[in-house]
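Please read the structure below before turning to the comments.
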Amino acid sequence: FSEVHHVTIDKLGDVPIKRGNFQLLPSHVQTWLAQMIQLCTPRDIHICDGSDEEGEIATKLLVENGQLSPLKKYQNCYICLTDPRDVARVESKTFLITKDKFQSVPHSREGANCVLGLWKSPDEIKKDIDDRFPGCMRGRTFYVIPYSMGPMGSSLSKIGVEITDSAYVVLSMRVMTHVSSEIWKYLRNGEEFVRCLHSVGVPLPTTQSIVNNWPCNPEKTLVVHFPDSRKVMSFGSGYGGNSLLGKKCFALRIAGRIAYDEGWLAEHMLIMSVTNSQGEEKFIAAAFPSACGKTNLAMLTPAIPGYTVRCIGDDIAWMRFDKETGELRAINPEAGFFGVAPGTNMKTNPNAILTCLQNSIFTNVGETADGGFYWEGLEEETPAGTEITAWTGEKYKLGEDKTKKSSHPNARFCCPARQCPIIHDKWQDPAGLPISAIIFGGRRPEGVPLVIEAFNWTHGVFLAAQLKSESTAAAEHTGKRIMHDPFAMRPFVGYNFGKYIQHWLDFEKTPNNKLPKIFHVNWFRVDENKKFLWPGYGDNIRVLDWIIRRANNEDVAEPSAVGLLPKKGSLNLQGLNVDWDKLMALPKAYWVGDIDETLQWLDGQLGDDLPQAIREQIQKQKERVAQL
Ligand code: GTP
Ligand code: SPV
Ligand code: MN
């Protein structure tokens, strides 16, 4: 911010450029930026270059204006507290805009309230946009962030440019994506990019009271996607999933639509590898709904000897079947982890803790008196009596009052993936890594066994389509309700969900495709005292071991009404005290009710867009569970 160039370019009016050189940008980028500057009327412009210096400048600014406070126990780590009204994704204010409604959402039956995406017409959304964006950046800096989703220059990667008036977004995007002025090179011949516009929605000066120095506009929050023109507009929220537009908005909703058009997949999945004691390595992708265990599985520390786990990604996978080899190759389009903090500790996920001891941002967590982070789950690693400052500002002594909470349940750490002690050497391999198994799962306290293998690809797609999970704090849903979340993509799908399911089914039609086996797991089944029946975390390696043996076609599975289950004794339970029969039981009443409810829900949500193959799967399952 040292020097302010007053470059008056026709396109810019007289908005000064604080940093960067507008004239060096590709002309189609210039044209778009000029339009957005006219719309948002910012005070000045900063074109980001991704340099370390830029990170230092943005950090300093945020510390000075009270948005970040340094955690002196670590290097270059900061706490950020938000306005308590802006702590999670807002699914009810997230829309898909297409001329044809049914390109975005399925033909839900009358009376069924569609939850697989919200649609608005271009005319309707124009009113909402006109009511929000004109002048929205008055008095603020217009940051331009050029970034790559996926390794720089990989043919599987995609480019985006995000405009934002939030330095917190700049700093977070630098962690979560590949920000660099190199990007302009890739756009020099007018190449396409995803246009992202974000504003906190509080032009200055303002009469609104700003809580925690966190400007936001919860009454007017709106996250809008234009899948046809590959655009995103987000207003009023600074929270990750609403403001780091490369993540859910681009890498899942917009990329999902591009993937549909181009024949690949953009999924809410971690990518990991497991190597056994013979040195055989297998890559696995797994989809669980938000706050249901992707980060933890991706960085797992095996509880039994003989296995090495490596992490490639913890939230999003872009995957395509290789035309020549038929392998399903996956890349992680992100560069950082934006993970759930509560529950993370040196026992459950040491690799996550070790990843975020430097260069990280902690949002809505507590702080210890000696300048460390604190959240629920760190009790055993923090001396009793330690003074904690909660995210609410309240101070208390650890252990004195068990009702005190230090952190918001959706508090997050934001840290560079390269710092992960078990990051895979090839996590940036431009060719992607070959997936041998795909896992789906959710929080199912009742009825659902630890692991199920699909009979075949179509049955696997059905297992994914019927996915359900208890709601979590990652979005605005309150209470622990069991909600349908097909493919763990309910909040993230960018087009008609019926077409999405059909897209998955269709991969079977290409004979050359090596279809990975599909599995369903449940770490969250409880006993009559609501205690988890399965220890989870590092012990999940036991299930991965079984899954890999199945990927190698070992004879360790047997059919049941809901899929293939481990033969008794085939899962390594050495040293564990678990009630296998309870963990694997298939209560008839539960499953009979479940399949009826699933049919009713899928039929209500998707109507005639529900693929016939899924209806057939439901019918078959109905017949099988009747025999239980
Ligand atoms: P998003 O970032 O929201 O997409 O979530 P995620 O799927 O990456 O979830 P994450 O791994 O952060 O886990 C969320 C919560 O689930 C944390 O509080 C974890 O401690 C808890 N959790 C993760 N794995 C397990 C497990 O195997 N067993 C149990 N009981 N809890 C788990
Ligand atoms: C999720 O909610 O699934 C997340 C966090 O991974 S966010 O990026 O905020 O959506
Ligand atoms: Mn997620």
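Numbers here are sequence positions counted from 1. Atoms within each ligand, like the ligands themselves, are counted from 1 in listed order.
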Any donor-acceptor pair under 3.5 Å linking the side-chain atoms of Tyr307 with those of Asp545? yes
Short question: side chain of Glu476, backbone of Ser92 - any donor-acceptor pair under 3.5 Å? yes
Close-contact set for ligand 1 against His268 heavy atoms, below 4.0 Å: 4 (O)
What's the shortest heavy-atom distance between Ile97 and Pro227, and which atoms? O-CD, 3.3 Å
Given Lys247, Lys294, Met149, the one that forms side chain to side chain contact (heavy atoms under 4.5 Å, CB included) with Ile316: Lys247
Cys292 heavy atom under 4.0 Å from ligand 1: yes
Can a donor-acceptor pair be found between the side chains of Ser148 and His178 at a distance below 3.5 Å? no
Would you please indicate if the ring centroids of Tyr78 and Phe362 are separated by under 6.0 Å? no
Would you say ligand 1 has an N or O under 3.5 Å from any N or O of Asn540? yes
Atom indices of ligand 1 within 4.0 angstrom of Val340 heavy atoms, with elements: 12 (O)
Measure from atom 6 (P) of ligand 1 to every heavy atom in Lys294, Glu376, Arg525 and give the option owning the shortest one. Lys294
One finds that the ligand 1 atoms under 4.0 Å from a non-hydrogen atom of Pro289 are 7 (O)
Report the protein N/O/S neighbours of the Mn ion (ligand 3) that fall below 2.8 Å; do not count waters. Lys248 NZ, His268 NE2, Asp315 OD1
For Trp546 and Ser570, does a side-chain donor sit closer than 3.5 Å to a side-chain acceptor? yes
Is the terminal nitrogen or CZ of Arg195 (NZ for Lys, CZ for Arg) located under 6.0 angstrom from the six-membered ring centre of Phe193 and within 45° of that ring's axis? yes
Taking only heavy atoms of Thr295 into account, list the atoms of ligand 1 that are under 4.0 Å away from them. 6 (P), 8 (O), 11 (O), 12 (O)
Looking at ligand 1, does Ala298 have a heavy atom less than 4.0 Å from it? no
Pairs under 3.5 angstrom, nitrogen or oxygen on both sides, ligand 2 versus protein: list them out, please.
| from | atom 1 | to | atom 2 | distance (Å) |
| --- | --- | --- | --- | --- |
| ligand 2 | 2 (O) | Arg89 | NE | 3.0 |
| ligand 2 | 2 (O) | Arg89 | NH2 | 3.1 |
| ligand 2 | 2 (O) | Ser290 | OG | 3.1 |
| ligand 2 | 3 (O) | Lys248 | NZ | 2.7 |
| ligand 2 | 3 (O) | His268 | NE2 | 3.3 |
| ligand 2 | 3 (O) | Ser290 | OG | 2.5 |
| ligand 2 | 6 (O) | Lys248 | NZ | 2.5 |
| ligand 2 | 6 (O) | Asp315 | OD1 | 3.3 |
| ligand 2 | 6 (O) | Asp315 | OD2 | 3.3 |
| ligand 2 | 9 (O) | Tyr239 | OH | 2.8 |
| ligand 2 | 9 (O) | Gly241 | N | 2.8 |
| ligand 2 | 10 (O) | Arg89 | NE | 3.0 |
| ligand 2 | 10 (O) | Lys248 | NZ | 3.2 |

In terms of relative ring orientation, are Phe338 and Tyr239 parallel, tilted or perpendicular, with 30° and 60° separating the classes? tilted
Determine whether a donor-acceptor pair (N or O, by modelled atom type, separation under 3.5 Å) exists between the side chain of Thr344 and the backbone of Ala341. yes
In Asp83, Asn217, Asp86, Thr82, the residue satisfying side chain to side chain donor-acceptor pair (under 3.5 Å) with Ser237 is Asp86
Where the side chain of Ser157 meets the backbone of Pro151, is there a donor-acceptor pair that is under 3.5 Å apart? yes
Do the side chain of Asn332 and the main chain of Ile312 share a donor and acceptor less than 3.5 angstrom apart? yes
Is Arg443 in polar range of ligand 1, meaning some N or O pair under 3.5 Å apart? yes
Under 6.0 Å between ring centres, would you say that holds for Trp214 and Tyr168? yes
Measure up the Phe487 and Phe497 rings against each other and bin them: parallel (under 30°), tilted (30 to 60°), perpendicular (over 60°). tilted
Write out the residue and atom name of the closest protein heavy atom to atom 21 (C) of ligand 1, then the distance separating them to 0.1 Å. Tyr537 OH, 3.5 Å
If you measure from each heavy atom of Arg89 to ligand 1, is any distance below 4.0 Å? no
Aromatic ring proximity Phe288/Phe440, centre distance under 6.0 Å: no
Heavy-atom proximity to atom 11 (O) of ligand 1 ranks first, among Asn296, Thr472, Asn522, for Asn296
Atom 2 (O) of ligand 1: nearest protein contact (heavy atom, Å): Arg412 NH1, 2.7 Å
Aromatic ring proximity, centroids under 6.0 angstrom, Phe373 and Tyr74: yes
With respect to atom 17 (C) of ligand 1, which of Ala474, Pro342, Ala291 exhibits the smallest heavy-atom separation? Pro342
Distance to 0.1 Å, residue and atom name: give those for the protein heavy atom nearest to atom 30 (N) of ligand 1. Phe532 CE1, 3.4 Å
Protein contact to atom 9 (O) of ligand 1 [nearest heavy atom, distance to 0.1 Å]: Gly293 N, 2.9 Å
Can you tell me which residue and heavy atom of the protein come closest to atom 29 (C) of ligand 1, and the distance to 0.1 Å? Phe524 CE2, 3.5 Å
Less than 4.0 Å is my threshold; does some heavy atom of Asp315 fall inside it relative to ligand 1? yes
Parallel, tilted or perpendicular: rings of His503 and Tyr495 (30°, 60°): perpendicular
